[in-house]
Amino acid sequence: EAQVTQNPRYLITVTGKKLTVTCSQNMNHEYMSWYRQDPGLGLRQIYYSMNVEVTDKGDVPEGYKVSRKEKRNFPLILESPSPNQTSLYFCASSLKGASYEQYFGPGTRLTVT
Amino acid sequence: GNSVTQMEGPVTLSEEAFLTINCTYTATGYPSLFWYVQYPGEGLQLLLKATKADDKGSNKGFEATYRKETTSFHLEKGSVQVSDSAVYFCALSDLRGNNRLAFGKGNQVVVIP
């Protein structure tokens, strides 16, 4: 089954404790992206990757890092989480090209206290 | 830059009523337009799309027409069901080639039996 998986689905952590949210897709997509969803703000892009070893900032990259060492994986790293990073995070993947559908993971709800 | 505007506020309606959710956009050139749906506790999934002016996307009884002259992509369904209760997001693709989706803020739709 074609899918995007994320782990963990839920995470409660404390300020400053480094964490990684994993994302994996099995569709051989070149493009992967991370979004955060906040009430009243919709979805905003954090980082994206057009292919292995190619990453770039989205609209709200501050406080986040990513890496793309393999085509299927695109982890999101929070080196020193802060409460304003409490949010619902989604990973997405697609073929390259503006008209292609993006496939979303189930989401990771992160709470930073 | 590219942006999407959706009508404000949740939408509550009775089963079998007609649904319209307004979406207008600002973009250079000819973006691709999408409607994504988010069911409770799930990630986003593509509902329909249109990639050029005057195209009509349709799926599951929902329709939207790409209107370049009014820069709109309004979502409609003639007879909603309780199972259509979800959050609906209008989005457009980024012509800069990075596959970025610019989302509207979303509309919560609640269908009452």
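This is a predicted model, so every value here is computed, not measured. The sequence lines fix the lettering, A, B, ..., with proteins before strands; numbering per chain opens at 1.
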Exercise. Side chain, backbone, both or neither: which part of Gln45(B) has a heavy atom under 4.5 Å from chain A?
Worked result: neither
Exercise. Checking heavy atoms, do the side chain of Gln6(B), its backbone, both or neither come under 4.5 Å from chain A?
Worked result: neither
Exercise. Do Arg44(A) and Asp38(A) sit within salt-bridge range, that is, some charged N less than 4.0 Å from a carboxylate O?
Worked result: yes
Problem set entry | Parallel, tilted or perpendicular: ring planes of Trp34(A) versus Tyr89(A), cut at 30 and 60 degrees | perpendicular
For this session: Heavy-atom pairs under 4.5 Å with chain A are the metric here; pick the option from Val4(B), Leu44(B), Thr51(B), Leu33(B) that has the most.
Result: Leu44(B)
Under a 4.5 Å heavy-atom cut-off, does chain B meet the side chain of [X], its backbone, both or neither?
X	result
Gln45(A)	side chain
Ser99(A)	both
Tyr35(A)	side chain
Gln37(A)	side chain
Leu43(A)	both

For this session: Quick one: which of Ala92(A), Gly107(A), Gly58(A), Gly40(A) has the most heavy-atom pairs under 4.5 Å with chain B, could you say?
Result: Gly40(A)
For this session: Considering only heavy atoms and a distance below 4.5 Å, find which of Pro106(A), Ser49(A), Cys91(A), Pro39(A) pairs most often with chain B.
Result: Pro106(A)
Please tell me if the side chains of [X] and [Y] come closer than 4.5 Å, counting only heavy atoms from C-beta onward.
X	Y	value
Asp54(B)	Lys52(B)	no
Val11(B)	Leu19(B)	yes
Thr65(B)	Phe73(B)	no

Exercise. Can you name the nearest heavy-atom pair linking Met27(A) to Ser93(A), along with the distance?
Worked result: CE-OG, 3.6 Å
Seminar exercise, completed: One should read off an interatomic distance between Glu53(A) CD and Glu70(A) CD, to the nearest 0.5 angstrom, of 10.0 Å
